[in-house]
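When reading the values below, keep in mind they use all heavy atoms of this one structure, side chains included, and skip hydrogens, waters and symmetry mates. A, B, ... follow the sequence lines: proteins, then strands. Residue 1 opens every chain.
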Protein chains: 2
Amino acid sequence: MKTRERILVVARELFNEQGEHNVAASDIALAMDISPGNLYYHFKGKDAIHIALFSVFQRELVGLLGTPLTQPSLFIDDEDSPVIRSWFFLTVVLEKMLEYRYLYDNLSDLMHRFPEIDRGCRRLGHLKFAACETLIAELLANSNASPERLDSLVNTMAMTLTFWLPWNQMTHNADQSDVIVHKGVLQLLSNCAPYMGDEQHSFYAECEALYREMVVAVR
Amino acid sequence: MKTRERILVVARELFNEQGEHNVAASDIALAMDISPGNLYYHFKGKDAIHIALFSVFQRELVGLLGTPLTQPSLFIDDEDSPVIRSWFFLTVVLEKMLEYRYLYDNLSDLMHRFPEIDRGCRRLGHLKFAACETLIAELLANSNASPERLDSLVNTMAMTLTFWLPWNQMTHNADQSDVIVHKGVLQLLSNCAPYMGDEQHSFYAECEALYREMVVAVR
DNA sequence: GTCTATATCGGGATAGAC
DNA sequence: GTCTATCCCGATATAGAC
């Protein structure tokens, strides 16, 4: 792997582990066994690394959010139930966010410091909203919930999607970084539960079953 | 007002306006027209200011969260409906948080840097949970929602309470800092709506009525 | 591309006069 | 209590050799 690539990988790891602000450019160089000067040859400082890192993340997440549940894929069959499809979709999104969780630990800060990140996050926010809307439309197709309620539901889901990782970090100090995604999906979907029609119970059963299956599989 | 007091007030304002990390100790001194040396006479650096500021906030918020809806007060009558009481309670809590919103913009960061803030926020988190639980117990007294659902509802509410301010800041760049509290209360209560019994509609009506009333009153 | 050495700079912190 | 002046340090950034 080229040095430029490695810098991005190592920087992301350090940011996630130690918090963005605790990592100096020289720390990254040190962790890679290269000199600070060399690092500055590839990126003109930590800022440039941030921009590059975020642009990769943005591209990847836009790709995921852009095709929510619409097309079948390798993993998702068109015949699968909306619950399964939603479950899978949310899992994939949260896992991607977990890879770049340092971003969500310091969202306001980074958005404030970097206009690019600010614009990017707002764009991602809109996409999150849209994705949740189509997800809900599919999941609650024959629900009689009022539009206002659905609005607030979408809002809750988009917000949960954004802050689930930091929220868990602050409530459970333990590092259950693998179950955290599945717990998040359950939390997200359980918000939809009360609005579902008759399949309500079967939904919840399916959810819980999948949840336990995954948690067990991890351990 | 004594200098020591003024430092805390000005620091809080600057933190809220410009973000905690963008404010140096010398900035605070500058904004107050005192010398950096003088500031250091009162507080041994920015860290000490943070600790002092947080301890005030913690004391205040613990006071609010500690007596959720239980005792009648100047503003809350024992005969008032649970909806009104919940509404008022959430408003007061969110308004206090708004006064110290810089905290919630950089939660992970500050918790990471200051063990005191870390411990305090976890404690506040528990109190938030407990408060939401009693609120829900009162609000959904005769609901038949399953315990799992109620758990996830409490979780959603506590999380919303924690991240509502930063979430709004990142979605709506406009500074509608006065309505933000009322919008938050509506968002919080609308999560409970589907679990309410027959009074569901009357609840929503009451909520919306109050909401509009308050928004209009502000403008 | 990579290194070492060094310059720069901002913010934290202290000493001592008033 | 408050000021001025100064020191110190860590992190950023550059220069120039290899």
Side-chain angles (χ1 to χ4, degrees), chain A residues 1-55 102-103 105-106 108-117, chain B residues 1-56 102-103 105-106 108-118:
Chain A
M1 201 191 307
K2 307 302 278 185
T3 303
R4 200 192 138 88
E5 294 286 316
R6 284 181 56 226
I7 290 175
L8 291 178
V9 173
V10 172
R12 184 165 58 79
E13 280 169 1
L14 289 181
F15 288 164
N16 282 337
E17 285 165 15
Q18 308 177 11
E20 181 272 324
H21 61 273
N22 292 313
V23 180
S26 54
D27 293 332
I28 301 171
L30 187 68
M32 307 173 52
D33 273 312
I34 66 171
S35 69
N38 189 5
L39 189 144
Y40 270 82
Y41 169 78
H42 292 283
F43 291 98
K44 291 263 158 273
K46 207 168 104 173
D47 287 9
I49 296 180
H50 263 120
I51 304 297
L53 217 41
F54 179 76
S55 107
Y102 74 92
L103 260 177
D105 281 340
N106 288 63
S108 313
D109 190 9
L110 292 169
M111 286 176 73
H112 198 269
R113 277 158 59 195
F114 302 98
E116 299 90 339
I117 295 186
Chain B
M1 201 191 309
K2 305 301 278 186
T3 303
R4 201 193 136 88
E5 294 287 315
R6 283 181 57 225
I7 290 174
L8 292 179
V9 173
V10 172
R12 184 165 58 79
E13 280 169 1
L14 289 181
F15 288 163
N16 282 336
E17 286 165 15
Q18 307 177 12
E20 182 272 326
H21 61 272
N22 292 313
V23 179
S26 54
D27 293 331
I28 301 171
L30 186 68
M32 307 174 52
D33 273 313
I34 67 171
S35 69
N38 190 5
L39 188 144
Y40 270 82
Y41 168 79
H42 292 282
F43 291 98
K44 292 265 158 272
K46 206 167 105 173
D47 287 10
I49 296 180
H50 263 120
I51 303 297
L53 217 40
F54 179 76
S55 109
V56 174
Y102 74 92
L103 261 177
D105 281 340
N106 287 64
S108 313
D109 189 9
L110 291 168
M111 287 175 74
H112 198 269
R113 278 158 58 195
F114 302 98
E116 299 89 339
I117 295 186
D118 186 282

> Considering only heavy atoms from C-beta outward, does the side chain of A:M32 approach that of A:R6 to under 4.5 Å?
Replying inline: yes
> Rounded to whole angstroms, how far apart are NZ on B:K46 and P on D:dG10?
Replying inline: 17 Å
>> Taking the basic N atoms (NZ, or NE/NH1/NH2) and the acidic carboxylate oxygens, is any pair closer than 4.0 Å for B:K46 and B:E20?
In response: yes
>> Nearest whole Å is fine: how far is D:dT4 P from B:D33 CG?
In response: 11 Å
>> Any side-chain N or O of B:T3 below 4.0 angstrom from OP1/OP2 of D:dT2?
In response: yes
>> Measure CG/B:L30 against P/D:dC3 and give the value in whole Å, please.
In response: 12 Å
>> Looking at D:dC3, I'd like to know if its phosphate oxygens (OP1 or OP2) sit under 4.0 Å from a side-chain N or O belonging to B:N38.
In response: yes
> Which nucleotide, C:dG11, C:dA13, D:dC3, lies nearest any side-chain atom of B:Y40?
Replying inline: C:dA13
> Rounded to the nearest Å, what distance is computed from the NE2 atom of residue A:H21 to the C1' atom of nucleotide D:dT12?
Replying inline: 18 Å
> Can you tell me how far P of D:dT14 sits from NZ of A:K44, to the nearest Å?
Replying inline: 6 Å
> With respect to the side chain of B:S35, which nucleotide from C:dG12, C:dC3, D:dC3 is positioned closest?
Replying inline: D:dC3
>> From OH of B:Y41 over to C1' of C:dA15, roughly how many Å is that when rounded to an integer?
In response: 15 Å
> Do B:I49 and B:L39 come within less than 4.5 Å of each other through their side chains, counting heavy atoms only?
Replying inline: yes
> Are the side chains of A:H112 and B:N22 in touch, meaning some heavy atoms are under 4.5 Å apart?
Replying inline: yes
>> Measuring from the side chain of B:H42 (C-beta onward, heavy atoms only), which nucleotide among D:dG1, D:dC3, C:dT2 has the closest atom?
In response: D:dG1
> Taking C-beta and beyond as the side chain, do B:F43 and B:H50 meet within less than 4.5 Å on heavy atoms?
Replying inline: no
>> Tell me the interatomic distance from B:R113, atom CZ, to C:dG12, atom C1', rounded to whole angstroms.
In response: 13 Å
> Once you round it to whole Å, what is the distance between C1' of D:dT12 and CZ of A:F43?
Replying inline: 16 Å
>> Categorize A:G37 for me: base, sugar-phosphate, or nothing, with a 4.0 angstrom heavy-atom threshold over every strand shown.
In response: base
